[in-house]
Amino acid sequence: MAIRVQPKLIDELVLYGAEDVQNCYHCGNCSAVCPHTDAVFNFPRKPMRHLQMGLEERLQSSLEPWLCYYCGQCSTQCPRGAEPGETMMSLRRWLTARYDFTGIASLFYRSWKAEVLAIGIVALLTAIGFFTFGFLQGDIHTYDGPDAFLPSSSVHIFDWAMAWVLFALLMMNVIRMWWFTTASRENLRVPVWSYLKHLYLLPLHFFTQKRYGLCEHKGPWRLHLVLVLSYVTMLVLIMFFLHQMQSGPSIVWPAHGFGYLASIGLLITVIYALRGRFKKTQVHMKHSHESDWIFIVMLLLVTVTGIVQHVLHRTGADLPANVAYVAHMMFVVPMLVLEVPFSKWSHLAYRPMAMYLGEVHRDALRHAETVSKEKTMQPVS
Amino acid sequence: MNVGVFIGQVLSRDTFNSKALADYAANLPSVALVRQIGYRPRLDPALLAQELRSHALDRIVLAGDSPGFFKPAFTRALALAGKDPEEVRLASLREHGVESVDEGLRAKAIVACAVKGVPFPLVAASKSSLVNPATLVIGGGVAGIQASLEIADAGKKVYLVERSATIGGHMAMFDKTFPTLDCAACILTPKMVSVGSHEMIELWTYSEVKEVRGTPGAYRVKVLRRARSVDVDACVACNNCSAVCPVSVWSEFDSALSYRKAMYIPFPQAVPNAYVVDRENCIYVQSEGKRCGACLKKCPKDCIDFNQQDTVEEIEVGNIILATGYELFDARRVERYGYGKLPNVLTSLEFERMTNASGPTGGKIVLKTKKLNKRTKVEEWVADPQGPAPKSVAIIHCVGSRDSNYNPYCSRVCCMYSLKFAHLVREKLPEAMCYEFYIDMRAFGKGYEEFMERIKAEGTNVVRGRTAQVSESNGQMLIKGEDILRDRIIEIPVDLVILAVGVIPSRGMADLAKMLQLPRDSDGWFSELNYNGEPTHTERGSIFVAGMCQGPKDIPDTVAQASAVAAGVLRSISSGHGMEDLSKLPLSEIEARAADWEAGLPELMRYADGNSSSTQAD
């Protein structure tokens, strides 16, 4: 089968943050120092080569970019300054855009202005929606109780609806990812039992990011773990315990204890990440795409408005607390609606999926090997 | 004639003021259009042709670093506009040394010449002072030896100044030369002996150039002649003194694989064949004559003189040849290869000594073993001739070369000497496995490609992929890298690792460059005047470069360049004139000369230095 070459691919990847890919002269240093590389998934040199040659389909069907956690060893030791780590990062952005069937991800990655504009519009719509809803059925001077401006029961309807829409969008993209990387590959025959056998990897990697820990520097993995667990804690609290958090001003410790821990976790990791990217303290923070900045700034705003809203509510200032609530939602909603399916945050689905599919691929290859062995061992009749 | 000046980006520097250059060009007579086209312009000949027509341009000047890159578009545009397509003139800024001199003025001078359509080097250089027929050669490696012999054989006086106690340089340390596998010493030592006995060569070893004054053709040079403490002419190298010397230190010549005494001769074939005292380690010198002195009693010729003092001699020469060579990149800097920590990771020069029949192991390839130094009571790793032979050897290319973290340039000799090593390993240890880890194999010379094929056929495993790491495991060393052609990550246990370390400018080159006001390139090598046209000349008149000090090169190229330098020196001597520094002329002078040249008066002779203050000697 002919392989289609796309000579402009590198130019396209530049929009996604790739730099100096052409510098690579293929000494293989990066692949050899990478703790994630093995016989089946060999990177970053090979994807760099595919990129230089413009093998679009091969890259689209590759899982390798998702197996890299960007510890930066490859970039530090690269003799050509070809930034293999950043290339893998930009490939992840490009793949995100590829998996997304709406084309919105591609638009956001190519133009930060479009992303900021979209965030602004969604924030505005959120504000209008919540204020209209609040004024129609409640009192802005009341935070909790029957007259509450935004009662938790009503908010729940909204957040569960949003959760299902996001889940559906992400699932579509994940299915596309599966199609590109696994199902559409003619030379890859996956036995069905293999899909079932490795299912446990999805929650395992979602919650632990275990492979991140293989990197030479463990610090970034620990920080990332704190960030993820903080966020997941917050998500659980909001989706299931919102009514407990809305009562006040007394503090419900079983719920709030977790909330405080998660807030501290979020604040520390976000500030650390911001500082790191400003001062370029580590290799993986040296290059920041616009989408990285937007993500971190949004996360910071979400965290800060959440804390302000909480403080106002606990001190009994109901009117400011209600306004802060809406402000908080103005950052939370675009963050979830836009970042999760269409931008940086989508990796929450693609990463575990890649680990899962990676094992599935390994099985398929092993299977193919044994089949061919059996064939060759059959006596000639 | 209407001229259009197009200024491209000057890539190498941020400081360059291209606006000032554009203003200057706009004020030149006959310049009708100045445009800055910037970095990587997209040039459409059809659009350019329109522009040429609208400004009625007859000639185009392209200014910038390597502006010839854009020439085809302008040639085509001139043709499309119905003009003479030959009328494209290049103002090559970097190529004419803008980097190394007052860049604004030099750039303007180059553009002024290009606008007039005259070649800048011809306008800017002139013949000048009368030349002193004596020549100074700095550095006594193969380049210095070759140049000295060529000039001396032509009957001209040569002062050869060498820093160490013997001439011969690095080549004297080598075992074989690639690709012919000739014995290096067999080629070099006869030349060394010729130098030592030549009546036209004044050989000053153990000496350093300290000061250079004067003008091209008449330089006055101060040379520091360090006290050798041995009368070179009287010493017969009988070895009586060294035999009784109680001090032993690592031998520089054997790359610290063996010991030498404080009273020593670098190697048996040294020229001059005389002993030398390492005053820093000599007990007698350090104790100011209170202790030791064993050698004094043993010397049958009474040629040891510890009271000898450093002296400074002043000489007058017309031409100076720089042949200061190179030294090895410090492999300790690449920590992941473990050099300095793992005893059996060797540099190329160490292996070269080990495999040399006159070396510390008598040419046996062995693993270093731990041995108790009886004097210091410390265990040391030494290359013992009785040591075990390695069963597998890995040779890692490009250590410190082609690496933006260390040196970006290709050291040019490592690929070939590594292949030579592989051959020597397979020849001496036919049972041993030998691996070569390379990035790109640079077999560029006559017979080199064939040599590589031969080595492959001999059974060396040539693996494409730079090694990422050398670590210790179970008393062996584990090589980790990617085998790119077989598409797999490999881990190979080996006994001996040889690092093909790159070359760097030798120490002291910076001082020498300062002393001589010579530009060096970004890697520290001396800059030649023109890479293609005048590869042996420098910015300073009558100062030449030969061998590695101008940039990495192998022995054949070094020898060829040394002979070429001799031709340049002899030309200057027989014409009777030194060559003017290129940088000395003021801009107005160059403008005037360019105008004269254009008017058909290329008699640059009449500009021969009017206020000649130079001294004539001999």
Do other residues, nucleotides or ligands put more than 12 heavy atoms under 6.0 Å from A:Lys218 NZ? yes
Determine, for A:Lys46 against B:Asp487, whether the closest basic-nitrogen to carboxylate-oxygen distance falls under 4.0 angstrom. yes
With a 6.0 Å cut-off (strictly less than), is the heavy-atom count around CZ of B:Phe444, excluding the residue itself, greater than 12? yes
In terms of heavy-atom pairs under 4.5 Å with chain B, the winner among A:Gly28, A:Cys27, A:Ala32 is A:Cys27
Interface moiety of A:Cys30 toward chain B, non-hydrogen atoms closer than 4.5 Å: neither
More than 12 heavy atoms of other residues, nucleotides or ligands under 6.0 Å from CZ of A:Arg362: yes or no? yes
Take atom CH2 of A:Trp293 as the centre, draw a 6.0 Å sphere, and report whether it contains more than 12 heavy atoms from other residues, nucleotides or ligands. yes
When only heavy atoms count and the cut-off is under 4.5 Å, which of residues 472-484 of chain B reach chain A? B:Lys480, B:Gly481, B:Glu482, B:Ile484
Would B:Ile489 and A:Asp38 count as a side-chain contact (heavy atoms from CB on, under 4.5 Å) here? Give the steps. CA-CA 7 Å; B:Ile489 302 294; A:Asp38 55 40; over 6 Å; no
May I ask you to list the residues in residues 330-347 of chain B that approach chain A closer than 4.5 angstrom, counting heavy atoms only, ordered by number? B:Arg336
With a 4.5 Å heavy-atom cut-off (strictly below), which parts of residues 490-497 of chain B touch chain A? List them by number. none
Kindly compute the distance separating CG (B:Asp440) from OH (A:Tyr25), expressed to the nearest 0.5 Å. 8.0 Å
Under 4.5 Å heavy-atom distance to chain A, tell me which part of B:Arg402 shows up: side chain, backbone, both or neither. both
From A:His26 atom NE2 to B:Leu485 atom CG, the distance as rounded to the nearest 0.5 Å: 12.0 Å
Of the listed residues (A:Gln77, A:Arg80, A:Arg49), which shares the most heavy-atom pairs with chain B below a 4.5 Å separation? A:Gln77
What part of A:Asn29 gets within 4.5 angstrom of chain B, counting heavy atoms only: side chain, backbone, both, or neither? both
Sub-4.5 Å heavy-atom contacts with chain A: which residues of residues 460-470 of chain B show up? B:Arg464, B:Gly465, B:Arg466, B:Thr467, B:Ala468
